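Computed from a prediction, not measured in an experiment: that's the story for all the values here.
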Amino acid sequence: MAILITGTPGVGKTTIARLLAERTGKKYIDFAEVVKNERLYAAYDPETNSYVVNLDRARSYMEQLLSCEEILDTHLVEALPPDKVSVAIVLRLDPLVLRERLNKRGYPSRKIRENIESEILDAVLISAIENLGEEKVFEVDTTGKTIAEIIEIITQILNKNGKLYKPGRVDWLEKYYFLIGKEGGII
């Protein structure tokens with residue numbers, strides 16, 4: 001079955017997924033490219049410079065595309081057929097580091113805020129658990145780790161040594177509660 005590398009935009013999904021695919025000999029699939037190329041979107045949002053994915057069409061397309069031998073890269077877990085994913089690795093990143101990365105990418109401030117809030121509130125992790133089941137989901141804090149260290153952790157997980165990486169170990173909300181202002185935005 002397919003291995004999903006997921007997480008909030010900016011946490012390192014693409015870098016890790018491509019390298020993991022190269023090392024395992026599996027095919028790499030960039031879900032965002034599939035969505036664009038196959039027109040699996042309902043609209044384009046110019047404010048966030050992103051496509052609004054048609055989840056039903058995307059899930060149906062991915063059901064046909066996935067042969068279960070791929071490394072898949074996306075933050076939209078709900079757009080994937082659960083029976084085609086064997087393992088989901090949710091990459092996590094300290095929200096302050098994430099903010100710097102997204103700033104360097106030139107993301108609009110609204111998109112940066114939304115992504116930081118998503119990371120603090122475990123949105124992708126929760127989606128992975130809800131859509132795939134907790135037994136398939138693992139959580140890796142990438143903060144301060146090298147790419148080689150992250151790949152080693154994922155290799156341990158894939159070799160059935162992932163007990164230390166079950167969901168619930170990363171808690172940005174507790175760490176950064178002070179960043180949430182009166183209106184609910186990141187200060």
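- Between Arg101 and Gly10 the shortest heavy-atom distance is NH1-O, 2.8 Å.
- Nearest approach of Trp172 to Thr143, heavy atoms of both residues: CH2-OG1, 3.8 Å.
- Between the Arg92 side chain and the Val140 main chain, no donor and acceptor come within less than 3.5 Å of each other.
- The closest donor-acceptor contact from the side chain of Arg99 to the backbone of Ile116 lies at 3.5 Å or more, if one exists at all.
- For the pair Val52 and Tyr41, the minimum side-chain heavy-atom distance is 4.5 Å or more.
- Between atom OG of residue Ser109 and atom CG of residue Leu102 there is a gap of 11.5 Å, rounded to the nearest 0.5 Å.
- Cation-pi geometry between Lys36 and Tyr51 is not met at under 6.0 angstrom from the ring centre and within 45 degrees of the axis.
- Here Leu80 contributes atom CG and Thr74 contributes atom OG1; the two are 6.0 Å apart, rounded to the nearest 0.5 Å.
- Side-chain contact between Glu69 and Lys26 is present, with heavy atoms from C-beta onward closer than 4.5 Å.
- In this structure a side-chain-to-backbone donor-acceptor pair under 3.5 Å is missing from Ser86 to Ile3.
- Ile5 is listed as a side-chain neighbour of Leu91, based on a closest heavy-atom distance under 4.5 Å.
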Q: Mind running side-chain contact (heavy atoms from CB on, under 4.5 Å) on Glu100 and Val97 for me, showing each step along the way?
A: CA-CA 5 Å; Glu100 291 306 311; Val97 177; 5.7 Å; no
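- Contact annotation: the side chain of Met62 approaches that of Val34 to within less than 4.5 Å [non-hydrogen atoms, C-beta and beyond].
- Smallest separation of non-hydrogen atoms from Tyr107 and Ile112: O-CD1, 3.4 Å.
- Between Glu119 and the options Asp94, Val11, Leu173, a side chain to side chain contact (heavy atoms under 4.5 Å, CB included) holds for only Val11.
- Under a 3.5 Å cut-off, the side chain of Glu139 and the backbone N or O of Gly168 do form a donor-acceptor pair.
- Inter-residue side-chain proximity for Leu20 and Thr24 is flagged as met; some heavy-atom pair is nearer than 4.5 Å.
- Asn115 contributes a side-chain N or O that, together with a main-chain N or O of Lys111, makes up a donor-acceptor pair within less than 3.5 Å.
- For the atom pair NZ of Lys166 and CG of Leu164, the computed distance is 11.5 Å after rounding to the nearest 0.5 Å.
- Placement of Leu132 and Phe138 in two distinct hydrophobic clusters is found when ILVMFWY residues are connected by side-chain heavy-atom separations under 4.5 Å, directly or transitively.
- Note: Ile16 CD1 to Ile153 CD1 = 9.5 Å, rounded to the nearest 0.5 Å.
- Arg57 contributes a side-chain N or O that, together with a main-chain N or O of Arg39, makes up a donor-acceptor pair within less than 3.5 Å.
- For the atom pair CG of Leu72 and NZ of Lys13, the computed distance is 11.0 Å after rounding to the nearest 0.5 Å.
- The main-chain N or O of Val87 is never found under 3.5 Å from a side-chain atom of Lys136 such that the two would form a donor-acceptor pair.
- Taking a 6.0 Å sphere around NZ of Lys27, one finds it holds 12 or fewer heavy atoms contributed by other residues, nucleotides or ligands.
- Side-chain contact between Tyr28 and Asp73: present, with at least one pair of heavy atoms (C-beta onward) separated by less than 4.5 Å.
- Lys175 places no side-chain N or O within donor-acceptor distance of the main-chain N or O of Asp171, the cut-off being under 3.5 Å.
- Hydrophobic clustering keeps Ile126 apart from Val85 (ILVMFWY residues linked when any side-chain heavy atoms are closer than 4.5 Å, directly or through intermediates).
- Counted within 6.0 Å of CD1 on Ile147, heavy atoms from surrounding residues, nucleotides or ligands total 12 or fewer; the atom is thus considered open.
- Contact of the Thr8 side chain with the His75 side chain is not registered, since no non-hydrogen atoms from C-beta on lie closer than 4.5 Å.
- No continuous path of hydrophobic side-chain contacts links Tyr165 to Ile129 [ILVMFWY only; heavy atoms under 4.5 Å].
- Between Glu47 and Asp45, the shortest heavy-atom contact is N-OD1, 3.0 Å.
- A distance of 12.0 Å separates CD1 in Ile151 from CD in Gln156, rounded to the nearest 0.5 Å.
- Asp122 places no side-chain N or O within 3.5 Å of a backbone atom of Leu125 that could act as its donor or acceptor partner.
- Nearest approach of Val90 to Val137, heavy atoms of both residues: CG2-CG1, 3.9 Å.
- Linking ILVMFWY residues whenever their side-chain heavy atoms come closer than 4.5 Å, directly or via other members, leaves Val124 and Ile89 in distinct clusters.
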Q) When you look at Thr15 and Ile150, which way does the side-chain contact (heavy atoms from CB on, under 4.5 Å) test go after all the steps? A) CA-CA 11 Å; Thr15 300; Ile150 297 165; over 6 Å; no
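- Judged by distance alone, the side chain of Glu117 and the main-chain N or O of Glu114 form no donor-acceptor pair under 3.5 Å.
- Hydrophobic clustering of Ile, Leu, Val, Met, Phe, Trp and Tyr side chains at less than 4.5 Å, counting indirect connections, unites Leu4 with Tyr61.
- Scanning both residues, Thr142 and Leu93, for their nearest heavy atoms gives OG1-CD1, 3.6 Å.
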